[in-house]
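Here's the structure, in structure tokens; my notes come after.
Computed over heavy atoms, backbone and side chain alike; hydrogens, waters and symmetry mates excluded. Each chain gets a letter, A, B and so on, in the order its sequence line appears, and its residues count up from 1. None of these values were measured; they are calculated from a predicted model.
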Amino acid sequence: MQTTDGLNDVQKQAVLTTSGPLLILAGAGSGKTKTLTHRIAHLIATKAAWPEQILAVTFTNKAAREMRERLSDLLNQQNDRNFMPWMGTFHGICVRLLKIDGSEIGLAKNFVIFDEDDRQSLVKQAMKELGISDKQAKPRAISSAISSAKNQMQYPEDAARNANYPFERLTAEVYSVYERLKKQAYGLDFDDLLLETVRLLSTKPSIRDKWRSKFKHILIDEYQDTNSAQYQIVKYLVGDDHNICVVGDDWQSIYSWRGADFTNILNFERDFPGANVVKLEQNYRSTGAILEAAQNVISKNITRTDKKIWTAEGSGEPVQINQAYDETEESYLIAQRISTHIAVGARQAKDFAVLYRTNAMSYSLERAFLQFHVPYKIIGGVRFYDRREIKDIVAYLRLLHQPNDRVSFSRIANIPTRGVGATSLAKFLNWQASQNVDVISAMVQVESSPVTGRARAALSSLGEGFRKLQVLLEKNSNPSFIIEEVIKHINYYDFIRDGTPQAEERLENISSLVSDAASFASLADFLDEIALMSSADGSADDSVALMTIHAAKGLEFPVVFMVGLEDGILPHSRVHEAGNEELEEERRLCYVGMTRAREELHISYATSRLQFGQRGYNEPSRFLEDMGGHISQEPLSIPERDDTSHMMSLEVSQRVKSSQFGEGEIIDVDGLAVTVRFDNGSIKKLNTEYARLMPI
DNA sequence: CGGTTGCACTTTTTT
DNA sequence: AGTGCAACCG
């Protein structure tokens with residue numbers, strides 16, 4: 001087998017340069033993943049390294065999975081974890097390292113991973129403890145300030161030292177208490193996974209050397225999106241041979257808001273002297289017209305490396321820019337167009353993607369697709385593991401796994417309702433903290449606590465319940481078995497079945513949780529995995545993909561629709577001043593979106609858009625002017641303003657679904673006011689401009 | 001304690 | 001419009 005088959009000269013060079021530092025500057029669509037995968041295959045095939053001596057870091061779990069699949073194809077090997085390099089995201093790799101060696105820096109083997117919600121609730125708690133009201137500073141803002149401090153590797157002391165403004169001083173104070181509370185619950189947040197790994201590698205030289213000599217080759221994808229903790233980890237792990245290969249594109253750096261610093265890629269040659277540099281500039285994805293428009297946009301940025309992306313293919317269809325009256329019309333026109341293409345057999349649904357700036361923009365599109373009976377899937381959005389019912393069950397599992405997890409306990413102490421209110425909960429937690437026993441043991445011994453009455457009985461019985469579950473877990477740690485036992489034990493189904501239309505959906509979600517869990521060997525594995533899991537990666541079914549531009553990074557589609565090209569949306573309204581760094585990031589985002597398209601790119605903007613429940617009017621995006629070249633403004637027969645209601649196909653006898661009231665049938669239409677008789681018998685008159693009615 | 005009601009805030013992007 | 005939260009009552 002030849003591991004350089006089907007590669008161009010530059011790609012071959014990237015694969016064959018196997019010793020010393022290598023920087024691959026890879027433009028959009030230049031075969032970056034292919035090159036990387038071939039490089040790994042080459043290292044293995046030539047026995048330059050054993051699979052387990054290779055560390056490959058990807059940006060998402062999905063990318064890791066894809067790479068693993070491609071690699072097993074290339075090597076004609078089973079997709080077997082044992083015959084695979086270490087592959088995963090920085091966070092995933094760090095969890096693995098910390099599970100193995102975290103005890104060296106005092107971490108429990110069964111630490112829990114706190115997500116954004118957990119962090120938020122701890123921040124609130126810390127603020128309460130410090131007597132800081134929600135009005136003085138928003139917990140959200142503090143929480144994200146703490147995160148960015150951590151991303152710059154600042155500990156509470158550093159944050160306090162560097163604090164110049166009142167808000168920063170406040171943040172530093174909260175940060176410090178937050179850390180204490182988190183430690184008390186045996187939890188690590190996302191940022192800690194990186195920070196604690198840095199701490200491990202920096203303070204334990206013998207551990208560091210062990211890993212350094214283990215990994216003979218390190219490869220890092222999307223290097224422009226590494227933050228400073230990740231950069232440190234890289235520096236510590238790279239061995240004396242300096243066999244490090246990074247791939248990236250500063251033009252596609254769109255994560256600076258979470259600490260990513262693309263100067264890491266610009267400084268690679270300084271950090272690793274003698275580095276070879278390879279530029280992949282030939283694009284194999286998009287037509288000339290698309291590339292030209294995209295390049296025109298990105299070239300307006302000042303801070304960027306200089307390169308050219310080019311294609312050997314023709315210019316293809318011009319990029320289209322369409323105007324719509326409002327988001328309903330914009331969505332309608334897209335759905336209609338896609339529907340027609342599918343109907344005549346020109347394309348399949350999965351050939352299309354619709355990209356938008358914010359998740360909230362998916363709604364009008366969904367409605368239009370439902371109406372035209374075009375299958376679609378939303379990628380990202382509300383993550384499966386963020387759903388309330390799932391989080392409840394997972395909180396039970398986490399407490400079972402880590403009996404000190406006070407955060408999870410606080411969540412489920414009164415779920416299902418069992419008479420433990422805020423006062424009793426606070427009293428109990430306060431007492432537990434002084435007792436030197438974990439939460440489950442404390443519940444069992446609640447008789448000797450100051451908690452009285454109904455709450456005492458409830459906690460005691462909950463504690464006994466957990467004891468029984470612990471015994472079961474000892475015998476059988478199969479996660480789906482445990483989940484079913486938990487559900488049975490707390491009668492969760494009865495709690496869920498509350499008569500609301502959402503109940504059925506919740507029940508379904510829980511059964512998917514049970515089946516998801518079945519593939520894991522242990523509860524611990526399952527919990528680690530889902531903590532870092534991103535939103536459902538969309539199965540390979542035939543449907544149109546709807547997602548944010550961020551979520552589309554690394555993907556490609558024959559036909560791409562980019563919606564909401566309006567000032568205030570893209571660029572986002574939080575970015576005001578022209579010429580600043582944030583505007584440049586918005587422009588990169590625009591570039592990333594455009595370069596997802598292979599054959600056709602359709603861009604649209606709406607004069608009017610519903611935002612925050614209010615109608616707003618936006619100017620066309622300033623990026624539109626930059627596109628130039630092969631674009632065409634399609635004149636549209638724009639219907640009169642009040643005419644858009646026909647697009648929603650709301651007519652008498654049409655069945656609709658409301659997230660609030662369930663399903664029902666329209667019995668009267670009067671302009672924008674629609675009267676619906678819901679299946680539960682109630683009749684409601686709704687304004688279609690606001691009521692989220694989905695045709696079914 | 002627990003449910004209901006009314007008010008303010010929301011929407012950047014995610015491991 | 002939806003959500004989360006504080007304030008109130010049974």
Side-chain angles (χ1 to χ4, degrees), chain A residues 57-64 88-95 113-117 119-121 124 133-135 138-141 144 147 150-151 188-194 222 225-227 229-230 253-260 355-364 379-383 385-386 388 414 416-425 452-455 458 498 530-535 547-553 564 568-575 582 585-586 588-589 592-593 609-616 658-660 686-693:
Chain A
V57 185
T58 56
F59 191 67
T60 61
N61 292 306
K62 189 180 170 199
T89 61
F90 270 105
H91 292 83
I93 303 279
C94 288
V95 170
I113 301 171
F114 285 166
D115 66 15
E116 217 44 55
D117 274 6
R119 163 188 268 156
Q120 205 95 285
S121 65
K124 277 184 200 157
S133 88
D134 285 13
K135 270 147 210 135
K138 284 187 229 146
R140 252 183 81 105
S144 93
S147 180
K150 288 185 168 197
N151 281 328
L188 297 184
D189 63 28
F190 284 153
D191 304 319
D192 289 336
L193 297 175
L194 306 174
E222 308 283 9
D225 284 322
T226 47
N227 66 23
Q230 292 165 338
S253 162
I254 53 175
Y255 281 96
S256 71
W257 49 272
R258 70 176 214 216
L355 309 182
Y356 36 80
R357 177 66 230 265
T358 68
N359 278 307
M361 293 164 74
S362 67
Y363 168 67
S364 55
I379 300 183
V382 180
R383 291 155 49 194
Y385 287 95
D386 283 345
R388 187 176 312 160
N414 204 28
T417 325
R418 52 171 74 87
V420 183
T423 328
S424 304
L425 178 60
T452 53
R454 202 156 31 142
D498 56 0
I530 64 177
L532 298 176
M533 196 117 80
S534 44
S535 37
M547 69 189 98
T548 63
I549 305 175
H550 281 89
K553 187 166 96 155
I569 307 281
L570 185 66
H572 196 265
S573 54
R574 285 192 48 155
V575 177
E582 284 177 323
E585 178 139 328
E586 295 290 305
R588 291 194 292 269
L589 193 55
V592 167
R609 190 175 290 278
L610 201 59
Q611 286 167 287
F612 310 101
Q614 276 200 325
R615 195 146 282 289
S658 146
S659 58
Q660 231 189 330
L686 302 160
N687 182 339
T688 53
E689 196 166 14
Y690 301 109
R692 306 198 141 200
L693 291 179

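Listed by chain and residue number, A:Glu330, A:Glu566 satisfy the side-chain hydrogen bond (donor to acceptor under 3.5 Å, both in side chains) test with A:Arg609 (two or more places apart in sequence, or in another chain). With sequence neighbours left out, the side chain to side chain contact (heavy atoms under 4.5 Å, CB included) criterion links A:Asn227 to A:Asn151, A:Leu194, A:Ala229, A:Gln230. Not a single side chain to side chain contact (heavy atoms under 4.5 Å, CB included) links A:Ser144 to another residue, sequence neighbours left out. Residues satisfying the side-chain hydrogen bond (donor to acceptor under 3.5 Å, both in side chains) test with A:Asp225, not counting sequence neighbours, are A:Lys553. With sequence neighbours excluded, the residues that form a side chain to side chain contact (heavy atoms under 4.5 Å, CB included) with A:Thr417 are A:Asn414, A:Phe495. Every ring pair (Phe, Tyr, Trp, His ring centres under 6.0 Å) that A:His550 has, sequence neighbours left out, goes to A:Tyr255, A:Trp257. With sequence neighbours left out, A:Glu586 forms a side chain to side chain contact (heavy atoms under 4.5 Å, CB included) with A:Arg357, A:Leu570, A:Pro571, A:His572, A:Val575, A:Phe623.
A:Trp257 places its CH2 atom 4 Å from the C1' atom of B:dT13, with the value rounded to the nearest Å.
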Just the table, please: protein N/O against nucleotides 2-5 of chain B N/O, every pair under 3.5 Å.
| residue | atom | partner | partner atom | Å |
| --- | --- | --- | --- | --- |
| B:dG2 | OP1 | A:Gly419 | N | 2.6 |
| B:dG2 | OP2 | A:Asn414 | ND2 | 3.3 |

Between the protein and nucleotides 5-9 of chain C, list the N/O to N/O atom pairs that are separated by less than 3.5 angstrom.
| residue | atom | partner | partner atom | Å |
| --- | --- | --- | --- | --- |
| C:dC5 | OP1 | A:Lys124 | NZ | 2.5 |

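Looking at heavy atoms from C-beta onward, A:Asp189 lies in side-chain contact with A:Lys150 at the 4.5 angstrom threshold.
Put simply, A:Thr60 has no side-chain N or O that comes within less than 4.0 Å of OP1 or OP2 on B:dT14. Remark: A:Asn359 is not in phosphate contact with B:dT11, judged by side-chain N or O atoms under 4.0 Å from OP1 or OP2. Proximity of A:Lys553 to the phosphate of B:dT14: no side-chain N or O atom is located under 4.0 Å from OP1 or OP2.
When each of A:Gln611 and A:Ser424 is assigned the nucleotide of DNA chain B bearing its nearest heavy atom, the one mapping closer to the 5' terminus is A:Ser424.
Picking from B:dT11, B:dT14, B:dT15 the nucleotide with the shortest atom distance to the side chain of A:Arg140 gives B:dT11. Checking B:dT14, B:dT15, B:dC1 against the side-chain heavy atoms of A:Thr423 singles out B:dC1 as nearest.
Nucleotides B:dT11 and C:dA6 have their C1' atoms positioned 23 Å apart, rounded to a whole Å.
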